[in-house]
*Asks:* 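Below is the structure I would like to discuss, written out as structure tokens.
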Amino acid sequence: MTLPPPPPPPPPAGGADGLLSDPAAVWHVVSRHAVDVLLLWGPPVGIPLLVLLAAAVVVQGRVRAARHIRLAAGARTVEILTPPDVGPDAAQMFWAQMTGLLRPPAQRLLHGQPHLGWEVTCTRAGTAIRLWVPGPVPPGMVERAVQAAWPGARTTTRPAVDPLPAGALATGGRLRLARPDILPLRVDHRADPLRALLA
């Protein structure tokens, strides 16, 4: 009795789908191929390839730093005092209004994409919900969107400062889904899932 041949190995992640689903695997494959080219063709091709790769890393770092400086200039924080009752579709309405921040592809490539940063700060005085808003976003745009999405919400706008005081200790980490990404996310919660965490 002969056994059927084993299934072929899965193809390496590549293209846009592979880059979005597992960026680390794509860069691992690219670096492995670069080493193979270096070993196969030797110094005449390998040295210019390494110089080009190092220059690309340096240029990318400088471009990111320049974009960050441009976004941080004039940045502000919008503190949100939410009403006691919040509708289930309010967040969806807020993010639908924030699509106005999206730039055309050419502008995004040249100047970057303004983004919002959520801050949930818990201290002994209470819990504060803030939005970090970059400088290029027009004043009042986010505040009006918050008040439209959550009727009765109040906002306080201040110049942005470091979220942690000098000398504070912070721990970073990576937030990942607990279940495989082929399973749908649960969106129909009967109660606010963050309520217990904030309490």
*Asks:* For R62, what residues pass the salt bridge (Lys or Arg N to Asp or Glu O under 4.0 Å) criterion, not counting sequence neighbours?
*Replies:* none

*Asks:* If you round to the nearest 0.5 Å, how far is CD1 of I129 from CD of E119?
*Replies:*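 Between atom CD of E119 and atom CD1 of I129 there are 11.5 Å.
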
*Asks:* Do M141 and M93 land in one hydrophobic cluster if side-chain heavy atoms of ILVMFWY residues count as linked below 4.5 Å?
*Replies:* no

*Asks:* Sequence neighbours left out, what passes side chain to side chain donor-acceptor pair (under 3.5 Å) with E79? Give chain and number order.
*Replies:* R158

*Asks:* Side-chain contact test, heavy atoms from C-beta onward, threshold under 4.5 Å: evaluate it for L81 versus T156 and give yes or no.
*Replies:*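 No, their side chains stay 4.5 Å or more apart.
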
*Asks:* Which pair of non-hydrogen atoms, one from V146 and one from A153, has the smallest distance, and what is that distance?
*Replies:* CG1-CB, 4.3 Å

*Asks:* With clusters defined by side-chain heavy atoms of hydrophobic residues (ILVMFWY) lying less than 4.5 Å apart, directly or transitively, does W118 cluster with M98?
*Replies:* yes

*Asks:* Is any side-chain heavy atom of V137 less than 4.5 Å from a side-chain heavy atom of R76?
*Replies:* yes

*Asks:* Within a strict 4.5 Å, meaning less than it, do heavy atoms of the V133 and L116 side chains meet?
*Replies:* yes

*Asks:* Quick one: which residue pairs count as a ring-ring contact (aromatic ring centres under 6.0 Å, His included) with a foot in residues 62-81, not counting sequence neighbours?
*Replies:* none

*Asks:* Within a strict 4.5 Å, meaning less than it, do heavy atoms of the I80 and L131 side chains meet?
*Replies:*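 When only atoms from C-beta onward are counted, L131 and I80 do touch, with a gap below 4.5 Å.
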
*Asks:* Please check if V142 and W95 belong to a single hydrophobic cluster, counting links between Ile, Leu, Val, Met, Phe, Trp and Tyr side chain heavy atoms closer than 4.5 Å.
*Replies:* yes

*Asks:* Are E143 and T157 linked by a side-chain donor-acceptor pair shorter than 3.5 Å?
*Replies:* yes

*Asks:* Return the set of residues passing side-chain contact (heavy atoms from CB on, under 4.5 Å) with P136 (not counting sequence neighbours), or none when no residue passes.
*Replies:*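 P136: side-chain contact (heavy atoms from CB on, under 4.5 Å) contacts with L71, R103, P134.
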
*Asks:* Which heavy atom in L101 sits nearest to a heavy atom in Q113, and how many Å separate them?
*Replies:* O-NE2, 2.9 Å

*Asks:* Output every pair passing ring-ring contact (aromatic ring centres under 6.0 Å, His included) with a member in residues 132-152, not counting sequence neighbours, ordered by first then second residue.
*Replies:*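 Sorted result for residues 132-152: F94-W150, H115-W132.
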
*Asks:* Running the 4.5 Å side-chain criterion over Ile, Leu, Val, Met, Phe, Trp and Tyr, what cluster does V59 land in, apart from itself?
*Replies:* V63

